[in-house]
Amino acid sequence: MKVELVLDARAVIGECPLWDARQGVLWWVDIPAGLVHRFEPDTGADSAIQIGQDVGAVALRSVGGLVMALRSGFAFLDESSTVSCAAGLDQDDATLRLNDARCDPRGRLWAGTVRDDFASGVAALYRLDPDLRLHRMLDGVTISNGLDWSPDGSLFYYADSATAAVDAFDYDLERGSLGGRHRLLELPDELGMPDGLTVDADGFLWLAVFGGGQVRRHAPDGRLDAVIELPVRWVTSCGFGGPNLDQLYVTSGRERDPDAPLAGGLFCVEPGTRGRPQNAFGG
Ligand code: CA
């Protein structure tokens, strides 16, 4: 598979490639730089909006614009780049911040935290409902990362990077609640950490391996199906984009290896399968 560098972005920690079919653009973030990027595949142009604090992830809003998972909580970014508060967190530890985030098929936003020192078990996973009420859904998390649902919404996939594994939860789509948890897959210790993930139209998972220079495709039973090798080591996340959702965009970071060529770049590969349209936040 041919991996193409589409933007030599030199991002500190590039993350959250999010296709926006409304505009035909790819949103992505640079977490510690506090930037929300807007990449236009047709022209190769990229612009960035400075948010002024860590941006863990962004998601589409059904009314237009984006919702952001920040250090201080959740905020909206409207189409004129105005930021407004959506919800704070239920804790006041300034060294805890929101990390990866994703909307479920009913427009609820799920996002988890991580502490700057990666302290074990102090982070949590939250659900922000369209009425902007925040619910703490899971405790004992260390590095909350990749999250997505099976195509029928009955399973929730979740990577706490510190576990070197991806777990699957039974998911009650009507109530937005988590049920039984089981281990779906584990990465080899020496390979790297599970980071961002996305589920494709066939129900297979694509998982970025941070430190491993790979994106791996796993079957719904956890079996390894395919491996894409990236030309950079610190691969952070992946998401399908393009008009046909057949292009897999991959983000990376240069924080751990500042001088490495292409580190922090945005990449694209056509893996022969398609993604699913992104769910939008209903609030
Ligand atoms: Ca991540």
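No experiment lies behind these values; they were computed from the predicted model shown. Because only heavy atoms are used, hydrogens play no part in the values below, and waters and symmetry mates are left out as well, while side chains stay in.
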Side-chain donor or acceptor of Asp30 paired with backbone N/O of Val12 under 3.5 Å: yes

Polar side-chain atom of Asp129 near backbone of Asp131 as donor-acceptor pair, under 3.5 Å: no

Asp160 (side chain) donor-acceptor with Ile143 (main chain) under 3.5 angstrom: yes

CZ-NZ distance between Phe267 and Lys2, expressed to the nearest 0.5 angstrom: 12.0 Å

Main-chain N/O of Gly121 paired to Thr142 side chain as donor or acceptor, under 3.5 Å: yes

Check: Arg274 side chain, Leu245 main-chain N or O, donor-acceptor pair, under 3.5 Å: no

In one Ile/Leu/Val/Met/Phe/Trp/Tyr side-chain cluster, 4.5 Å: Val55, Ile31: yes

Main-chain N/O of Asp116 paired with Thr95 side-chain donor or acceptor, under 3.5 Å: no

Residues, nucleotides or ligands: over 12 heavy atoms within 6.0 Å of Arg133 CZ: no

Donor-acceptor under 3.5 Å (Arg106 side chain, Gly176 main chain): no

Backbone of Gly283 reached by a side-chain donor or acceptor of Arg61 within 3.5 Å: yes

Gap between atom CG of Leu197 and atom CH2 of Trp206 - 0.5 Å precision: 12.5 Å

Positive for ring-ring contact (aromatic ring centres under 6.0 Å, His included) with Trp110, one of Tyr126, Tyr157, Phe156: Phe156

Donor-acceptor under 3.5 Å (Thr251 side chain, Leu266 main chain): no

Reported CZ-to-CG distance for the pair Arg102 and Leu109, which is rounded to 0.5 angstrom: 10.5 Å

Donor-acceptor pair, side chain of Arg233 and main chain of Gly211, under 3.5 angstrom: yes

